[in-house]
Amino acid sequence: MLDSHKAMVTGLRTVGKEPPTASQGGKSTARPMIEAQSLRKVFGTPRGGEVVAVRDATFTINPGEIFGLLGPNGAGKTTLLRMLGTIILPSSGTCTVAGVPTHEHPEEARRHIGFLSGNTRLYGRLTGRELLRYFGRLYDMADDAIAARTEELTSVLAMGDFVDRRCDTLSTGQTQKVSIARVILHDPDVLILDEPTLGLDIMTSRAILDFIKDARDRGRSIVFSTHYMSEAELLCDRIAMIHQGAILALDTKEALYAETGTDNLKDAFLALVDAAEAHAT
Amino acid sequence: MQLKIIATIFRKEMLDMLRDKRTLVAMLGIPIVLYPMLFIVGSQAFMVQQSRVEETASIIAIDNADTNTVRAWLTDVEMVSVVSSSDPEADLMSGQVDAVLAINGEVNATLASGGTLPIEIRYDESEGSSREAVRRLIEALNNQYDVLLDARLETVDIEKSFVDPLDITRKNVAPPSKTTGMLLGSLLPLIMIVMVGVGAFYPAIDLTAGEKERGTFETLLSTPTRTIEIVYGKFLAVFALALLTGLLNLISMVLTLYVQLNQLQQQMDFIVLRIDPRSIVAFVLVMIPLAFLISAIMMSVAVLARGFREGQNMLTPFLMGLLFPAGLAAVPDARLTSTTQFIPIANVALLFKDLMTDRGTLQDVFAVLMSTIAYALLALLLASRIFQREEVILSEERGIPFPFRRGNFKPQNVPTPGMVAFLFSICMLLFFYGGTPLQAALGIHGVYLNLWLMFLLPTILLLVSTRVRLTTALNIRAPRPLAWPAVFLVCAGWLVIVLQLGAWHDSLLPMPEMMVEEVNKIMQFDSISIWILLFAIAISPAICEEFLFRGAILSGLRGKMPVWILLPLVGMLFGAAHVSVYKFLVTSASGVVLTYLVWRSGSIFTSMLAHAVINAGLLLVQYGVTDDRYLPSEVSKFIQDTVIDQGQFPIWTLGLATGSLVAGMIVMEITHRGKPITYSPD
């Protein structure tokens with residue numbers, strides 16, 4: 001596991017495009033990769049009422065930045081990420097990904113996105129190779145390009161032993177590797193990762209986190225949601241704290257500590273929630 | 001929409017499903033294993049049972065004090081053995097005897113006095129040996145009857161014919177193949193329809209609710225595919241598997257029946273299996289839209305489920321529900337009529353029954369095919385609509401499939417292809433259901449009311465309710481001035497050509513007398529004013545059909561396909577709307593010409609004028625050949641002598657007509673050269 005994990009991290013550095021800009025800590029001057037403006041999502045309830053899942057979320061994410069979404073279960077993280085990934089449409093507001101307006105050209109926007117979440121699973125009756133071929137074709141890649149890219153990813157993610165096995169026979173770690181291969185198969189500019197370490201063992205989690213850092217180093221923009229504060233502290237260049245659909249604060253972790261007078265994200269989050277509830281009452 | 005993406009999704013889903021054991025069992029297991037097993041085991045058991053019954057003597061008890069006389073009657077009868085019984089009824093119920101002869105009264109005294117001896121044969125219908133005993137007893141008693149009757153007649157010196165004034169026999173004129181066809185026609189469609197449902201059942205759930213449950217839907221939605229491509233790709237897989245299951249069942253059943261019934265035929269000459277290959281072809285043809293319809297409905301329902309188990313719960317009632325319309329074929333005397341041919345699924349069952357008994361006509365096949373296609377299109381549109389609802393696809397809550405609000409639609413210049421398919425299907429179904437009763441009740445008035453109510457009204461309602469601009473969607477704009485002479489040249493040429501096409505078509509595929517009489521009953525040239533006829537036959541179609549076909553349908557499909565597909569497609573939809581296989585080709589050809597006029601000129605008025613002129617021309621030709629007031633006598637005589645009597649215009653007439661048509665098209669092309677008339681979608 002450790003060897004394959006090392007191979008995966010090391011190997012990823014040889015995969016994909018060169019970074020468009022080498023930026024760190026969200027301080028790039030390049031054009032933002034994601035621009036969300038007043039994104040709002042309202043769901044209807046079975047009894048005819050309405051639930052606001054996300055309230056007027058506005059932010060930008062730069063190339064080479066890990067942007068964390070931090071919040072408890074039900075805070076609206078998944079809905080927000082699904083809107084960024086154009087899996088669902090916003091009720092109002094606009095968003096661009098790599099300069100493509102998602103509400104006008106969602107299919108084009110998705111070509112720039114790799115989307116992975118606890119909900120994005122694999123087809124159990126297909127082998128890893130068949131699955132990558134299928135998704136490559138959906139991304140309009142030529143068959144020989146898919147084959148070459150599959151070989152490359154099989155090598156760097158150390159999937160040789162199981163890439164031709166049916167996905168329903170794979171272990172959790174192997175499944176996650178095939179998932180990652182699927183996400184980066186088309187070499188996207190933006191990675192949207194919704195709680196990617198949820199339910200994984202410590203070794204697989206570490207592999208995922210290293211993969212995220214590596215992608216950042218290669219200039220990709222990563223939007224990353226978690227409710228593990230330690231992961232956010234370790235990875236994120238900027239963090240949006242989200243509660244009941246609203247972004248309570250958005251900044252670097254140091255700035256968030258300073259703003260809330262705390263020294264860790266957990267306390268900072270609780271302080272922001274308390275302040276928001278006090279303000280509401 | 002990219003066909004390549006749809007094909008990719010289709011291929012993947014087929015591969016996925018063909019690796020699923022449940023699908024394979026439903027698709028291959030039942031036809032390949034179950035039918036042969038059922039038939040072989042069933043027929044073997046039947047034959048064994050039959051031979052056992054035939055080889056075993058029937059045990060008879062007599063329920064009468066004086067058993068000797070009756071026992072004597074049966075002494076020499078083969079395979080009948082009379083036993084004594086203290087309680088014959090109880091012995092019959094317990095199976096110790098096969099039948100009881102219950103005789104009420106003194107046997108010898110009654111017969112000697114010339115009276116009638118009442119005899120009752122008691123038996124157990126549920127037992128084969130008891131039924132066989134009855135058969136043997138009746139045969140023996142009939143023989144005894146003849147002996148007794150002859151003896152009585154001899155004493156009074158009367159010929160037997162005196163007491164037998166009528167010699168009644170019955171003869172079944174149906175060939176044995178028809179009798180067998182009737183049996184198979186009742187049984188096969190039921191099994192076929194249910195098996196198509198079984199074929200679609202697991203794939204429909206697995207590719208929708210199953211995918212939701214496994215969490216792979218979100219994976220798919222994160223790719224640059226459009227929802228409509230996902231729907232069509234998945235639908236095609238469900239449809240292909242349903243059709244494949246149906247076909248495999250059909251092949252397996254027919255082969256098994258041939259083998260087994262040929263064996264049975266050696267013993268029972270009333271069983272003759274003869275299926276006309278054309279019937280099989282027709283049934284396969286109708287099975288395609290049937291599988292399409294069932295697959296689309298099942299997908300629409302299954303996608304509402306949150307998981308596989310719930311999908312099964314939701315679809316099982318539908319699968320069971322298929323038994324009712326499919327079982328209609330088993331109802332004695334249930335036939336395909338002008339009403340039942342439009343009842344979904346039941347029409348397919350009844351058509352198959354008619355085909356098996358040599359009663360089905362080409363028109364029946366056509367009507368069932370068209371109505372099933374209309375339902376199938378509606379079902380597919382429903383499935384697409386449900387798939388577009390993100391809360392249905394992603395959330396755990398079941399969604400409402402059709403939240404129709406006008407405000408949900410953006411103002412548009414032309415309808416979408418989906419709206420076009422919906423509109424066409426709705427108009428066709430309204431026409432099917434409303435058309436026949438209206439025409440039957442109101443005659444010629446029903447003809448034009450049909451057009452206004454079933455074609456024009458839904459067209460306007462749909463466009464208005466979906467915020468499509470009427471002027472652009474219906475191509476309401478004035479044509480360029482030179483378009484008018486072009487239209488007249490086209491009309492003059494096409495009127496002659498369409499008469500010739502009609503004559504050729506009639507010689508190849510003549511309309512049955514019954515249908516001609518029905519048309520004549522409605523038209524009644526003698527009693528209806530020509531102005532009403534003109535309004536019903538020329539003006540109303542020119543307005544209503546043109547707004548639907550060359551208005552909404554053409555504008556919705558324009559730009560979505562090459563013109564060489566667009567013109568024939570709109571033409572064929574127009575032909576199909578006439579719901580007659582005998583008119584389809586000629587009306588489709590007219591539809592292509594009319595569509596061309598609007599496609600080139602951008603004006604609905606060109607095709608309206610042409611449609612009115614051509615229909616009025618055809619009407620005047622029909623009137624004119626019998627009434628000199630409507631056509632100059634030279635013209636009517638020329639038409640009568642050529643195309644009506646000989647089925648052929650002279651070559652020079654056809655040449656002139658073709659020249660006129662081509663000249664009109666050239667003028668039209670020159671007039672609109674380099675000025676394409678198009679509207680952007682919004």
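Quick note: numbers below take in every heavy atom, side chains included, and nothing from hydrogens, waters or symmetry partners.
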Tell me, with the steps shown, if K4(B) and D140(A) meet side chain to side chain contact (heavy atoms under 4.5 Å, CB included). CA-CA 9 Å; K4(B) 200 172 77 174; D140(A) 219 9; 2.8 Å; yes
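- The contact between Y123(A) and chain B is made by backbone and side chain atoms together, counting heavy-atom distances below 4.5 Å.
- The shortest heavy-atom contact between Y139(A) and S222(B) is OH-O, 3.3 Å.
- Separating the CD atom in E218(B) from the CD1 atom in I87(A) is a distance of 4.5 Å, to the nearest 0.5 Å.
- Annotation: the span from L131(A) atom CG to D16(B) atom CG amounts to 10.0 Å, rounded to 0.5 Å.
- Taking 4.5 Å as the limit, every side-chain heavy atom of T223(B) sits out of range of all side-chain heavy atoms of Y134(A).
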Could you go through the side chain to side chain contact (heavy atoms under 4.5 Å, CB included) check for R137(A) and K12(B) one step at a time? CA-CA 11 Å; R137(A) 285 175 177 165; K12(B) 178 262 159 189; over 6 Å; no
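- Considering every non-hydrogen atom in both T216(B) and L122(A), the closest pair reads CG2-O, 3.3 Å.
- When each of R125(A), R133(A), E107(A) is scored by its heavy-atom pairs under 4.5 Å with chain B, the top score falls to R125(A).
- Of the atoms belonging to E130(A), it is side-chain heavy atoms, and not backbone ones, that fall under 4.5 Å from chain B.
- Here T219(B) contributes atom OG1 and L138(A) contributes atom CG; the two are 11.0 Å apart, rounded to the nearest 0.5 Å.
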Could you walk me through whether D168(A) and R19(B) satisfy the salt bridge (Lys or Arg N to Asp or Glu O under 4.0 Å) test, starting with their C-alpha distance in whole Å, then the side-chain angles of each, then the deciding distance to 0.1 Å, before giving a yes or no? CA-CA 12 Å; D168(A) 54 9; R19(B) 287 179 180 170; over 6 Å; no
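- Distance check: T225(B) OG1 to R110(A) CZ gives 6.0 Å after rounding to the nearest 0.5 Å.
- For a residue to count as touching a neighbouring chain, one of its non-hydrogen atoms must lie under 4.5 Å from one of that chain's; by this rule L89(A) touches chain B with backbone and side chain alike.
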